[in-house]
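The structure appears below as structure tokens.
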Amino acid sequence: MSVRLGLLALLDEQPMYGAQLRAEFEARTGGTWPLNIGQVYTTLARLERDGLVEQADAPDEEGRITYRLTQEGRTDVLRWWGTPVVRDSSPRDELVIKLALAVTAPGVDVPTLVQTQRTASLRHLRGLTRLKQSALDQHESGTTTSGGQRDLAWLLVVENLIFAAESEVRWLDHVESRLARERVRPRGPVATPPPDGGTSSTAPASAAASARAGEQR
């Protein structure tokens, strides 16, 4: 959905052909989510089918088709700007799935797994922090040629990634603490499932105890 609406938002500024749309999308997001040119043209074909974009002119000498928004497409863009992003479903997270399976799988050294991941996550966070500082220096010095607003857009994307990486590191710290508490948590006796039609394995012991108590009386 974000690619579809992202392309519509770019076309709301001016008509563009597929390669221009891909370049603009990647420039404004810092190449964080690279687009395949085939994906762009497939999306444009669907948008045209749905009446949200149309061909602005005949193909140029290189066969490129420039697209522009229809009024219905412009209405969709305005609706997107005014509507909050709804997060009613959780995206699959490979790390979360990996740890959830690791704690239930026999023979997996979960503490080592967590420590290894935490080291990698911290390395990723340091790289993002350096990237942010470099982008911030360029933005404030005005040495880039891409324009101040694009620099700001890229900074916002990088900062979002930094917040996500920091959150992951904090969660891994929590996982380590949780695992440590689990290792020292007392475990109660595990009840043996009774056979069909029988009583639990604790029943004979309870009966014997009751009998002894009766003899003493």
Side-chain angles (χ1 to χ4, degrees), residues 1-13 16 19-40 43 76-103 108-182:
M1 181 62 71
S2 59
V3 172
R4 172 181 175 274
L5 289 167
L7 297 184
L8 287 176
L10 291 172
L11 287 173
D12 192 33
E13 298 178 8
M16 285 183 264
Q20 287 177 311
L21 285 166
R22 182 181 69 168
E24 281 294 317
F25 185 92
E26 293 184 355
R28 300 191 194 194
T29 60
T32 305
W33 301 284
L35 292 181
N36 181 284
I37 190 62
Q39 180 184 9
V40 173
T43 303
D76 267 23
V77 173
L78 292 174
R79 185 184 300 116
W80 187 42
W81 294 139
T83 304
V85 175
V86 178
R87 302 190 185 279
D88 54 0
S89 62
S90 300
R92 291 187 181 92
D93 187 312
E94 181 183 354
L95 176 58
V96 177
I97 295 172
K98 182 178 181 180
L99 281 175
L101 294 176
V103 297
V108 178
D109 187 348
V110 182
T112 298
L113 188 157
V114 173
Q115 291 172 7
T116 301
Q117 181 62 51
R118 189 175 183 279
T119 299
S121 298
L122 284 170
R123 187 185 309 116
H124 176 59
L125 177 58
R126 287 193 293 270
L128 289 172
T129 302
R130 288 193 297 269
L131 186 61
K132 175 189 173 182
Q133 188 58 53
S134 175
L136 190 60
D137 291 343
Q138 290 181 344
H139 178 59
E140 293 181 344
S141 65
T143 57
T144 61
T145 59
S146 58
Q149 292 305 105
R150 290 188 187 181
D151 292 342
L152 176 59
W154 170 222
L155 278 172
L156 293 176
V157 171
V158 173
E159 287 170 344
N160 174 267
L161 296 175
I162 288 174
F163 281 125
E166 289 174 341
S167 176
E168 180 172 286
V169 171
R170 288 197 301 272
W171 179 67
L172 289 169
D173 288 343
H174 168 77
V175 170
E176 282 189 320
S177 299
R178 172 71 71 182
L179 292 173
R181 290 197 299 272
E182 283 296 305

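Every heavy atom of this structure was used, including side-chain atoms; hydrogens, water molecules and symmetry mates were not.
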What pairs with [X] under side chain to side chain contact (heavy atoms under 4.5 Å, CB included), at least two apart in sequence or on another chain?
{"X": "Asp109", "value": "Pro111, Thr112"}
{"X": "Ala100", "value": "none"}
{"X": "Arg92", "value": "Ile97"}
{"X": "Asp93", "value": "Leu95, Val96"}

Any heavy-atom pair between the side chains of [Y] and [X] that's under 4.5 Å?
{"X": "Val114", "Y": "Arg178", "value": "no"}
{"X": "Trp33", "Y": "Val157", "value": "yes"}
{"X": "Phe25", "Y": "Leu21", "value": "no"}
{"X": "Leu99", "Y": "Trp171", "value": "yes"}
{"X": "Leu172", "Y": "Glu168", "value": "yes"}

How long is the span from the [atom1] atom in [X] to the [atom2] atom in [Y], to the nearest 0.5 Å?
{"X": "Leu125", "Y": "Leu161", "atom1": "CG", "atom2": "CG", "result": "10.5 Å"}
{"X": "Leu5", "Y": "Thr43", "atom1": "CG", "atom2": "OG1", "result": "10.5 Å"}
{"X": "Leu131", "Y": "Leu155", "atom1": "CG", "atom2": "CG", "result": "9.0 Å"}
{"X": "Leu8", "Y": "Asp12", "atom1": "CG", "atom2": "CG", "result": "8.5 Å"}
{"X": "Leu136", "Y": "Thr129", "atom1": "CG", "atom2": "OG1", "result": "12.0 Å"}

List in chain and number order the residues that pass side chain to side chain donor-acceptor pair (under 3.5 Å) with [X], two or more places apart in sequence or in another chain; answer none if no residue qualifies.
{"X": "Asn160", "answer": "none"}
{"X": "Glu182", "answer": "Arg185"}
{"X": "Arg28", "answer": "Glu13, Glu24"}
{"X": "Glu176", "answer": "none"}

Shortest non-hydrogen pair, Leu128 vs Ala165, comes out as CD1-CB, 4.1 Å
To check you understand the geometry: which heavy-atom pair defines the closest contact between Ser121 and Val169, and what is its length? CB-CG2, 3.9 Å
Here the salt bridge (charged side-chain N to carboxylate O under 4.0 Å, His left out) pairs for residues 157-166, sequence neighbours left out, are Lys132-Glu159
Ionic contact status for Arg170 with Asp173, cut-off 4.0 Å: no
Qualifying residues under salt bridge (Lys or Arg N to Asp or Glu O under 4.0 Å), relative to Arg181, sequence neighbours excluded: none
Test Trp80 against Asp76 for side chain to side chain contact (heavy atoms under 4.5 Å, CB included), laying out the working first. CA-CA 6 Å; Trp80 187 42; Asp76 267 23; over 6 Å; no
